[in-house]
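Quick note on labels: first sequence line is chain A, next is B, and so on, each numbered from 1. Below, all heavy atoms of this structure are taken into account, side chains as well, without hydrogens, waters or symmetry copies.
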Protein chains: 2
Amino acid sequence: MNTHHLCLGILSLGEASGYEIKKAFEETFCHFQATSFGSIYPALAKLTEQGLVSFREETQEKRPTKKVFTITPAGHEHFYQTLLKSEPAEQYRSDFLFLMMFAHLLPQEHIKTLLNKQTENLEMELGILERILTECQTLTPGMRFTLEYGVTGNKALLKLMQQRSLQLLNEIDAARSPQES
Amino acid sequence: MNTHHLCLGILSLGEASGYEIKKAFEETFCHFQATSFGSIYPALAKLTEQGLVSFREETQEKRPTKKVFTITPAGHEHFYQTLLKSEPAEQYRSDFLFLMMFAHLLPQEHIKTLLNKQTENLEMELGILERILTECQTLTPGMRFTLEYGVTGNKALLKLMQQRSLQLLNEIDAARSPQES
DNA sequence: CCGACATATATTGACCCGATATACACTAAA
DNA sequence: TTTAGTGTATATCGGGTCAATATATGTCGG
């Protein structure tokens, strides 16, 4: 599942420019997919070449000219085949957990700051997801599910952060003091 | 936080070859960090060049010759400075949620298969994490925390999958039938 | 009037990852 | 017995990704 497929997916929901595809990722998909202009524009060029999308140039007043992309029937079919053969994979990368792995090397105060920042990050993302869930009434069942999935994960992790943070600090302190005394 | 820093991190726990660094990621770090030979070997070469690690060649009987890398004092200091200035970030990519976003395009049976596979994946990872937690008695507080973090997230998501899967299938079915009748 | 922000397309360079190549040893099935 | 598979070990390649940057224009607030 790469940027080509992600673009086809967005375009299967309606025509859009490269800029609008990026925005769609930032708004609706950001908690489980991301991409950048450096991937989107080359992908759209190649998809056009392959006949999976087409575009028209839309000259706007007081705005740069837009290339509006539309998915073709061949593109729809190709996207459907991609969906059918894709495995439900997930990947998770956390600099936060990597830092916690080496918490014993860091000053107590710094660990506290990291734990607080992480908690804030989780709270912020939870807030965004919940706002979309309550504000948008026209979500498809699938979209609603992805948001609830994110909410559930974040809520559980937040609870852990609130319950475990102090304990972790104490444990690290306890493991440190024998050497120092 | 890139492969250079990840290698320094592993080496700060003890000397290792490139192959062993990869194994460390697969065994202990896999639920929140991953990397590949294509990143590790160039990283080790550059770290050597910069004087942050050094290596000796270890000829083994009946095994290929090993390059055993050791972190230098400069490497320790560099790693410490990296830890201090790193932000606690996270990123999550899910082909599974992307597929669910377009579940309305897929046959009911296929959605069921995807939901089952995802549940199995979560169960498997949960099993691995819990096994490490119970079997390894010498874990540092930080390591224990990262494992519990993973366990908590996976448990919450598994519960959601068990509670919500059928409901999702019904909702998609309900949204589909008006057009078909 | 100026700086910040938004719209819009596009490229670059550094980096990352999966696949592949090479090479040897061990083991278990055919 | 041989051959396929697995494990140890190093290394590279190509395609893909990402953050930063360039360019151009318009809006809005201070």
Open item on the list: Under 4.0 Å between a side-chain nitrogen and a carboxylate oxygen: does that hold for B:K112 and B:E109?
Closed with: yes

Open item on the list: Any carboxylate oxygen within less than 4.0 angstrom of a Lys/Arg side-chain nitrogen, looking at A:E148 and B:R164?
Closed with: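 Salt bridge between A:E148 and B:R164, a charged N being under 4.0 Å from a carboxylate O: yes.
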
- [ ] May I ask you to list the residues of residues 3-20 of chain B, by number, that have any heavy atom positioned under 4.0 Å from an atom of DNA chain D?
- [x] B:S17, B:G18, B:Y19

Rounded to whole Å, how long is the line connecting atom [atom1] of [X] with atom [atom2] of [N]?
{"X": "A:Y41", "N": "D:dA20", "atom1": "OH", "atom2": "P", "answer": "18 Å"}
{"X": "A:D95", "N": "C:dC16", "atom1": "CG", "atom2": "P", "answer": "12 Å"}
{"X": "A:K66", "N": "D:dG26", "atom1": "NZ", "atom2": "P", "answer": "16 Å"}
{"X": "B:E26", "N": "D:dA9", "atom1": "CD", "atom2": "P", "answer": "13 Å"}
{"X": "B:K46", "N": "D:dT12", "atom1": "NZ", "atom2": "C1'", "answer": "16 Å"}
{"X": "A:F37", "N": "D:dA22", "atom1": "CZ", "atom2": "P", "answer": "16 Å"}
{"X": "B:L44", "N": "C:dC16", "atom1": "CG", "atom2": "P", "answer": "12 Å"}
{"X": "B:I21", "N": "C:dC17", "atom1": "CD1", "atom2": "P", "answer": "14 Å"}

Task: Cation-aromatic face contact A:K22/A:F37, 6.0 Å, 45 degrees - done: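 Relative to the ring axis of A:F37, which defines the angle, A:K22 lies inside both limits.
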
TODO: Using the test side-chain hydrogen bond (donor to acceptor under 3.5 Å, both in side chains), find all partners of A:T35 that sit at least two apart in sequence or belong to another chain.
DONE: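 Counting only residues at least two positions away or on another chain, A:T35 forms a side-chain hydrogen bond (donor to acceptor under 3.5 Å, both in side chains) with A:T3.
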
Open item on the list: Can you tell me which nucleotide in D:dG16, D:dT12, D:dC18 comes closest to the side chain of A:T35?
Closed with: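 Nearest to the side chain of A:T35 among the choices is D:dC18.
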
Open item on the list: Of the listed nucleotides (D:dC18, D:dG16, C:dC17), which one gets closest to any side-chain atom of A:S36?
Closed with: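 Nearest nucleotide to the side chain: D:dC18.
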
Task: Side-chain N,O (B:K67) to OP1/OP2 (D:dA11) below 4.0 Å - done: yes

Task: A:R93 vs D:dC18: side-chain N/O to OP1/OP2 distance below 4.0 Å - done: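 Checking A:R93 against D:dC18: no side-chain N or O falls below 4.0 Å of OP1 or OP2.
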
Task: Residue pair A:R93 / B:R93, side-chain heavy-atom distance below 4.5 Å - done: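 Of all side-chain heavy-atom pairs linking B:R93 with A:R93, none is under 4.5 Å.
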
- [ ] Mind checking salt bridge (Lys or Arg N to Asp or Glu O under 4.0 Å) for B:E27 and listing every partner two or more places apart, or none if nothing turns up?
- [x]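 Listed in chain order: nothing, the list is empty.
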
TODO: Examine B:Y41 and B:L11 and state if one hydrophobic cluster contains both, with Ile, Leu, Val, Met, Phe, Trp and Tyr joined whenever side-chain heavy atoms are less than 4.5 Å apart.
DONE: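 As far as the 4.5 Å side-chain criterion goes, B:L11 and B:Y41 are not connected within one cluster.
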
TODO: With DNA chain D as reference, determine whether B:S39 or B:K23 sits nearer its 5' end, using the nearest nucleotide of each.
DONE: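 Taking each residue's closest nucleotide, the earlier one in sequence belongs to B:K23.
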
